[in-house]
Amino acid sequence: AKENGRNQVAYFSSELDNELKEKMRIERKLKKAIAADQLEVYVQPQYDLKRGCFNWGEALVRWIDEEDGFIPPIKFITIAEETDLINQIGRAVIDKVCCLISEHGDTLAAIGINGIAINLSARQFFSSDLLDDIQSALGKYAISAKQLEFELTESLVMEDTGKAIKIMQALRDLGCRLSIDDFGTGYSSLAYLKRFPIDCVKIDRSFIMGVPNDKNDVEISSAIIAMAHKLGLETIAEGVETQEHMDFLKQQKCEYIQGYFMSRPLPIKDLLALPQSQK
Ligand code: C2E
Ligand code: CA
Ligand code: CA
Ligand code: CA
């Protein structure tokens, strides 16, 4: 048994060692990729259920590495969040989104896309550079803050609600839209929503997956929508993959939907090639 125990320890520590090595390898490559401006931004269109057309989009960062191929954001964002790299990535995303709006705002508007939502990590949101970075990008590309939305996860805003509310207010004062991402997955209650200066609540994909068949998911998502509306907030559902999802959300009077059923996240050239709507 003793022998066994020692082997276990050896096994676990080499496993940890490999994990750490892999993390450091990714981090090293990520630094280079950022410096060489190799990260890209894709945009997933969001759809207005009432008007029946696209109305906005979400920027999603993409890293395609020569050696490793597509590296999912979940993998490298988590690593980047432990260091200042996330701020560099975040700044690059803001810059690219503002550049896109500035260069192709007319095409986007013809498609129906009136603005782009950007994800913010906690470290970036609470960083003292955030407001300056946003303002200087708006100035550099001469675009309106009204064309930007920021998605803040529920766990981010719950980290330090007092401080978060102040930063949210400053972003709102600039003219940006705000939404709470992945709503329902964290520890905040619906009552908290009242305190946040936000425009929209984004219902997490995990609840949408189960509608209209799973009774709990139906109850949770319809309660989120109803409560958000009572507080004067709009709602968007993520992870809409089927006609049934869409029909359910329309019936619940959810304003917007986003998901593979409408469109995958698209490289910019494919985004700009979407059909132009008359609406
Ligand atoms: P998120 O903000 O919840 O983004 C939605 C994720 O769901 C995206 O994954 C998107 O591609 C995926 N998705 C969209 N529609 C569907 C659908 O119908 N079904 C399914 N199964 N998935 C769908 P992605 O692009 O891999 O991003 C993962 C996460 O990485 C994001 O989750 C966000 O937390 C983070 N992330 C992505 N881009 C950025 C960024 O620029 N900055 C920061 N801070 N985080 C980012
Ligand atoms: Ca998001
Ligand atoms: Ca989300
Ligand atoms: Ca989610």
Side-chain angles (χ1 to χ4, degrees), residues 30 33-34 37-47 54 56-64 69-100 115-127 129-130 133-134 137 148-157 159 177-186 198-211 217 235-246 248-249 254 256-268 270-271:
L30 183 57
I34 295 169
D37 194 25
Q38 282 168 347
L39 298 192
E40 269 188 76
V41 166
Y42 279 31
V43 172
Q44 185 174 35
Q46 299 173 341
Y47 185 86
F54 290 133
W56 206 266
E58 177 182 6
L60 294 158
V61 71
R62 291 291 178 264
W63 179 19
I64 296 144
F70 174 78
I71 305 175
I74 190 81
K75 187 164 179 188
F76 69 87
I77 292 278
T78 331
I79 295 172
E81 275 171 344
E82 291 174 22
T83 66
D84 182 61
L85 287 178
I86 193 62
N87 289 321
Q88 297 176 40
I89 295 174
R91 224 175 280 133
V93 169
I94 292 171
D95 188 272
K96 284 174 198 298
V97 167
C98 293
C99 178
L100 168 68
I116 307 278
I118 296 172
N119 292 287
L120 294 181
S121 287
R123 205 184 176 105
Q124 189 188 4
F125 177 77
F126 289 110
S127 141
D129 293 335
L130 180 70
D133 286 347
I134 294 169
L148 293 187
E149 174 171 319
F150 292 99
E151 296 191 1
L152 316 172
T153 62
E154 191 186 3
S155 53
L156 178 159
V157 294
E159 214 170 275
R177 264 175 71 88
L178 291 183
S179 60
I180 302 290
D181 202 356
D182 300 340
F183 192 81
T185 57
I198 54 169
D199 301 282
C200 191
V201 175
K202 196 163 192 178
I203 308 163
D204 191 66
R205 179 165 69 87
S206 57
F207 304 114
I208 305 307
M209 271 165 59
V211 302
D217 288 346
T235 53
I236 179 165
E238 66 176 17
V240 174
E241 293 186 353
T242 65
Q243 182 74 54
E244 288 71 36
H245 292 163
M246 178 171 168
F248 171 81
L249 291 158
C254 179
Y256 313 110
I257 56 173
Q258 179 183 348
Y260 297 162
F261 188 61
M262 311 310 305
S263 170
R264 297 223 159 220
L266 302 171
I268 302 307
D270 295 348
L271 176 78

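Numbers here simply count residues along the sequence, with the first being 1. Start at 1 and go down the list; that is how both ligands and their atoms are numbered. Just so it is clear, the structure is predicted and the values come from calculations on it, not from any experiment.
Residue-ligand proximity, Ser121 to ligand 1, at heavy-atom distances under 4.0 Å covers atoms 44 (N). Remark: ligand 1 atoms within the under-4.0 Å shell around heavy atoms of Gly259 are 15 (N), 18 (O). The Gln44 neighbourhood of ligand 1 comprises atoms 14 (C), 15 (N), with distances under 4.0 Å to a heavy atom of that residue. Of all the atoms in ligand 1, the ones that sit under 4.0 Å from a non-hydrogen atom of Glu241 are 17 (C), 18 (O), 19 (N), 20 (C), 21 (N). Listed by number with element, the atoms of ligand 1 under 4.0 Å from a non-hydrogen atom of Pro265 are 11 (O). Close contacts between ligand 1 and Asp181 involve ligand atoms 2 (O) [criterion: under 4.0 Å to a heavy atom]. Close approach of ligand 1 to Ile77 is summarised as follows: ligand atoms under 4.0 Å from at least one heavy atom of the residue are 43 (C), 45 (N), 46 (C). The ligand atoms of ligand 1 that sit less than 4.0 angstrom from a heavy atom of Asp182 are 3 (O).
The heavy atom nearest to atom 33 (C) of ligand 1, considering only Ile86, Asn119, Ile118, is found in Asn119. Selection from Glu58, Glu151, Arg62 by nearest heavy atom to atom 25 (O) of ligand 1 gives Arg62.
Atom-to-atom distance recorded for Leu249:CG and Thr235:OG1 is 8.0 Å, nearest 0.5 angstrom. Distance CG/Leu148 to CG/Leu178: 10.5 Å, rounded to 0.5 Å. Between Leu39 atom CG and Gln88 atom CD the span is 10.0 Å, to the nearest 0.5 Å. Distance check, rounded to the nearest 0.5 Å: CZ of Phe183 to SG of Cys200 gives 11.5 Å.
A side-chain donor-acceptor contact under 3.5 Å links Glu58 and Gln258. In summary, the side chains of Ser263 and Gln44 do not present any donor paired with an acceptor at a separation below 3.5 Å, with no hydrogens or angles considered.
Of all heavy-atom pairs between Arg91 and Gln124, the closest is N-NE2, 3.9 Å. Between Ser127 and Asn87 the shortest heavy-atom distance is CB-OD1, 4.1 Å.
Within the structure, ligand 1 lacks Pro72 among the residues with a heavy atom less than 4.0 angstrom away. Ligand 1 lies nowhere less than 4.0 angstrom from a heavy atom belonging to Gly90.
Taking the Ca ion (ligand 2) as the apex, the angle formed with OE1 of Glu151 and OD2 of Asp181 is 90°, to the nearest 10 degrees. Asn119 contributes OD1 and Glu58 contributes OE2; the angle these two atoms make at the Ca ion (ligand 2) is 80°, rounded to 10°.
With a heavy-atom cut-off of 4.0 Å, Val93 touches ligand 1 through its side chain alone. The proximity of Val61 to ligand 1, defined as any non-hydrogen pair under 4.0 Å, involves the side chain as well as the backbone. At a heavy-atom distance under 4.0 Å, only side-chain atoms of Arg205, from C-beta outward, approach ligand 1. At a heavy-atom distance under 4.0 Å, only backbone atoms of Val240 (N, CA, C or O) approach ligand 1.
Residue Glu151 is tested with Asn119, Leu156, Ile180 for a side-chain contact (heavy atoms from CB on, under 4.5 Å); the sole match is Asn119.
Take Ser121 and apply the side chain to side chain donor-acceptor pair (under 3.5 Å) test, not counting sequence neighbours, and it matches Glu81. In this view, Ser206 and Asp204 satisfy the side chain to side chain donor-acceptor pair (under 3.5 Å) rule, not counting sequence neighbours.
Between Asp37 and Lys96, at least one side-chain N (NZ, or NE/NH1/NH2) sits under 4.0 Å from a carboxylate O, which counts as a salt bridge.
For the Ca ion (ligand 2), the set of nearby N, O or S atoms under 3.0 Å includes none belonging to Asp182.
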